[in-house]
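I have placed the structure first, in the form of structure tokens, so that the comments after it can refer back to it.
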Amino acid sequence: MDLKKIAREAPREPGVYIMKNGESRIMYVGKARILRNRLVSYFSGEKDIKTQTLLRHVASIETIIVKDEYEALLLENTLIKQHSPKYNINLKDGKTYPVIRLTPGPYPRVFRTRHVIEDGSSYYGPFPQVGAMDDMLDIIDRVFPLRKCRTLRKRDFPCMYYHIGRCFAPCCGRITEAAYSLHVDRVRKLLSGDTQSLMAELNGEMQGEAKALRFERAAQLRNAIKTIDKLKETSAVVDFDPQGRDYISWAADGVLATFSIFSMRGGKLTGRELYRTRSASEEEESLITFITGYYSGERLPPETIYICSRDGVLPLDPSFPAKWFREQFGLEPKLLVPPDIHHRTVMAMVTQNAEEDLRRRIKERGAGPALDELKNILGLKARPDRIEGFDIAQLDGKHPVASLISFANGIPDKKNYRRFKLHSVVGLVDDFAAMREAVKRRYSRLLRENRELPDLILVDGGLGQVNAAKGVLDELGMSCDLAGLAKRDEEIWLPQTGKPLSLPRHSEALKVLQQVRDETHRFATSLNQILRSKDLRMETLESVEGIGVKRAAVLIRHYLSIGGIAAAEPADIARVCGCGQAAARAVRAAARLAGQDPGAVRSGPRSAPGQPRPGTAAALAAQALSAKPPPAETLPAKAASSGAAGGGVKPGKDAAGIQADDPGTGKLAAEAPPDYGG
């Protein structure tokens with residue numbers, strides 16, 4: 001087994017990895033925030049002697065994905081204690097993680113401990129981070145102050161804890177048992193993760209305290225609600241429910257399916273198993289077959305079996321499995337959908353492990369079977385190991401482009417991706433003509449250079465696009481297989497046919513075609529968007545007086561975007577493109593407004609003589625600069641005096657000091673006022 005390959009293909013999620021020797025005995029258990037990074041590190045660089053010794057004995061590596069690093073730490077602890085791997089530190093039960101204990105009886109107390117005693121107490125945790133546990137106990141101490149004394153004795157006067165608000169003083173009869181039990185129930189909800197109903201109760205109590213003008217208590221409850229809201233859910237890999245239970249989930253793709261089972265015994269996750277199958281059966285039939293094959297005389301069913309459900313309904317009829325369990329084992333385990341947040345959290349982890357294994361299987365198998373299926377269904381001359389796809393992108397005939405993508409053995413071959421700026425359909429909306437130009441340009445060149453031709457050409461569209469491409473191929477004398485995939489109903493069209501072919505949604509052959517089609521669409525659309533964005537940027541800059549094509553190009557190359565120009569200082573803009581300060585300020589004003597409304601810079605109807613045309617950079621800049629006029633005392637002396645003497649502004653300028661557009665050029669005049677940071 002290639003351990004380096006296993007490491008490179010490991011998931012990027014947090015989890016635990018298990019290293020086994022040739023006899024499938026666990027040699028080492030480790031945790032990682034990112035499994036792939038941790039496993040790859042074992043096979044890169046120089047290692048110390050203990051790591052070299054470990055790797056000499058490792059024959060296989062398994063991974064278990066969990067929710068986060070916290071869960072990985074708990075699961076690692078559990079597995080080390082269960083299996084005592086040779087190369088792990090042997091963790092004794094006396095040094096396990098601390099838990100929170102709620103004692104039994106009429107007036108329980110709550111505290112942290114490392115020892116679990118079977119006396120009817122309730123336990124919550126464990127907590128690898130003691131600080132998090134102390135935060136939880138602090139919330140309980142401030143909001144639900146249960147008793148502190150180990151032995152409850154009758155007293156005449158309460159202790160100091162009562163006077164500082166940290167105990168209800170049941171020893172002195174200052175609280176009834178019913179009222180005390182209400183607070184105990186709230187503590188149970190907090191520790192078990194049922195925070196939603198608890199927060200609703202606390203919120204109602206907070207509102208009542210505020211109405212009664214007890215604002216200090218209301219603020220205390222408000223702070224508790226905020227803190228509780230930030231608390232994590234309970235652990236998915238360790239709890240204190242002694243009931244044995246299994247969690248079953250699965251992931252499927254076509255005929256491939258992976259079943260994942262997590263087993264909880266004695267409140268701890270004791271095992272994770274993955275079973276790979278091939279099945280064309282329906283979901284319920286496959287699930288029943290798996291359950292009846294998994295449990296045997298050596299593997300008895302637990303008291304409860306939780307089954308994954310996508311819609312909250314049990315995905316099988318429980319009567320048949322119940323009868324089978326009764327006849328085979330004399331047992332009747334309950335088959336249930338996860339009923340609460342804790343069990344759903346565990347099930348999500350089980351499902352994630354099944355999905356990860358299925359992804360690995362699909363990658364290991366490659367696209368060979370899907371390509372064989374595609375050849376048979378479409379009646380192709382050969383298996384389509386190389387597929388080339390075409391798509392057209394344009395907006396009302398502007399910037400028409402075509403994309404060509406290539407797949408080799410079902411995998412994108414990006415070095416053979418190409419884009420075409422189309423010339424024959426500029427200003428026209430003619431997808432058929434666009435397809436003819438793209439196909440002709442591609443394959444006339446391949447034929448001229450005597451290069452490899454594809455096994456299958458796929459066009460994005462229906463019969464019209466297919467026949468357009470077919471005409472070009474016939475003209476070039478090519479005999480390549482050709483098909484089209486229409487987005488509507490995912491219909492497959494073959495040349496000169498009047499009826500499309502429809503494949504089942506789970507067909508692997510259809511998924512190959514969809515992947516090619518979607519990639520061609522993405523590649524074509526991205527180029528069209530780039531060209532449209534570039535056109536907008538150039539139009540915005542060139543509309544400023546003193547900024548021509550060359551200076552606009554210099555600005556775009558330097559700042560990369562309109563946003564970069566809008567954020568630059570006028571002095572820097574003037575330095576980059578060699579223009580004056582007034583022009584630089586006008587450039588920035590136009591860029592800022594164009595960034596707020598990218599569709600604003602476009603040609604529009606002519607305005608009255610001497611006024612900026614609506615939508616031009618001049619009008620936008622005038623709007624931007626006049627929207628926030630500078631204070632009068634900051635105006636230049638010359639401008640202020642001329643305004644006072646003449647009672648207005650100079651002829652040809654508006655109130656903001658912007659020179660009107662030249663009706664012939666649409667340029668923004670460079671005599672813009674100083675920039676005041678608006």
Side-chain angles (χ1 to χ4, degrees), residues 1 3-21 24-43 50-51 54-55 57-93 95-97 125-129 132 232-239 245-249 251 258-276 342 345-360:
M1 183 175 292
L3 298 180
K4 290 184 179 180
K5 182 179 179 182
I6 293 175
R8 288 193 301 269
E9 296 178 354
R12 294 184 180 275
E13 284 77 24
V16 169
Y17 57 93
I18 302 170
M19 294 181 169
K20 296 182 178 181
N21 63 10
S24 296
R25 182 177 302 169
I26 296 178
M27 304 297 292
Y28 184 78
V29 175
K31 66 180 182 303
R33 184 171 61 86
I34 301 176
L35 284 167
R36 180 179 300 180
N37 293 356
R38 182 69 184 96
L39 291 175
V40 167
S41 71
Y42 278 100
F43 305 99
K50 64 179 182 180
T51 304
L54 168 64
L55 293 178
H57 294 87
V58 174
S60 63
I61 302 175
E62 297 178 3
T63 59
I64 303 178
I65 301 173
V66 296
K67 182 175 60 177
D68 51 31
E69 231 178 334
Y70 172 86
E71 301 285 358
L73 190 63
L74 295 178
L75 182 55
E76 179 197 38
N77 186 327
T78 300
L79 294 177
I80 289 174
K81 290 178 180 177
Q82 179 182 356
H83 299 287
S84 299
K86 181 177 180 179
Y87 292 95
N88 278 104
I89 298 173
N90 188 16
L91 300 176
K92 303 296 183 182
D93 283 337
K95 281 294 183 183
T96 189
Y97 296 117
F127 295 88
Q129 297 177 343
K232 283 190 173 182
E233 298 168 1
T234 56
S235 168
V237 297
V238 178
D239 56 33
R245 56 201 187 276
D246 285 348
Y247 297 84
I248 300 178
S249 186
T258 292
F259 284 87
S260 177
I261 305 94
F262 276 28
S263 299
M264 299 286 287
R265 302 291 187 270
K268 296 182 179 180
L269 176 61
T270 59
R272 180 223 64 169
E273 297 179 88
L274 293 172
Y275 290 88
R276 295 178 167 184
H342 173 71
T345 300
V346 180
M347 187 61 75
M349 195 166 69
V350 181
T351 303
Q352 186 180 11
N353 279 264
E355 291 172 347
E356 176 61 32
D357 184 75
L358 182 65
R359 282 194 292 270
R360 190 180 298 117

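Computed from heavy atoms alone, side chains included, the values below leave out hydrogens, waters and symmetry copies. What you are looking at is a predicted structure, and each value in this text was computed from that prediction instead of being measured.
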Testing the basics here: between R36 and A7, what is the closest heavy-atom pair and its distance to 0.1 Å? CG-O, 3.5 Å
At their closest point, which heavy atom of H57 faces which heavy atom of M27, and how far apart are they? CB-CE, 4.1 Å
Are V29 and H83 packed together at the side-chain level, in the sense that at least one heavy-atom pair is separated by less than 4.5 angstrom? no
Could you tell me if the side chain of R276 sits less than 4.5 Å from the side chain of R360, heavy atoms only? yes
Is the shortest side-chain heavy-atom distance between R265 and D246 below 4.5 Å? yes
side-chain contact (heavy atoms from CB on, under 4.5 Å) with T63: of I6, L39, D357, only one passes, and it is L39
Taking atom CZ as the centre, does R33 end up with more than 12 heavy-atom neighbours from other residues, nucleotides or ligands that are less than 6.0 angstrom away? no
Taking all non-hydrogen atoms of both residues into account, name the closest pair between R38 and A32 and its distance. CB-CB, 3.5 Å
Should the pair R245 and Y247 be classed as cation-pi, given the thresholds of under 6.0 Å to the six-membered ring centre and 45° from the axis? no
Heavy-atom closest contact (A72 atom, V66 atom, distance): N-CG2, 3.5 Å
Would E62 and K20 pass as an ion pair if we require N to O under 4.0 Å? yes
Can you label the angle between the Y28 ring and the Y42 ring as parallel, tilted or perpendicular, going by 30° and 60°? perpendicular
Do N353 and M349 touch side chain to side chain, with heavy atoms closer than 4.5 Å? yes
Where L35 and P11 come nearest, the two heavy atoms and their spacing: CB-O, 3.4 Å
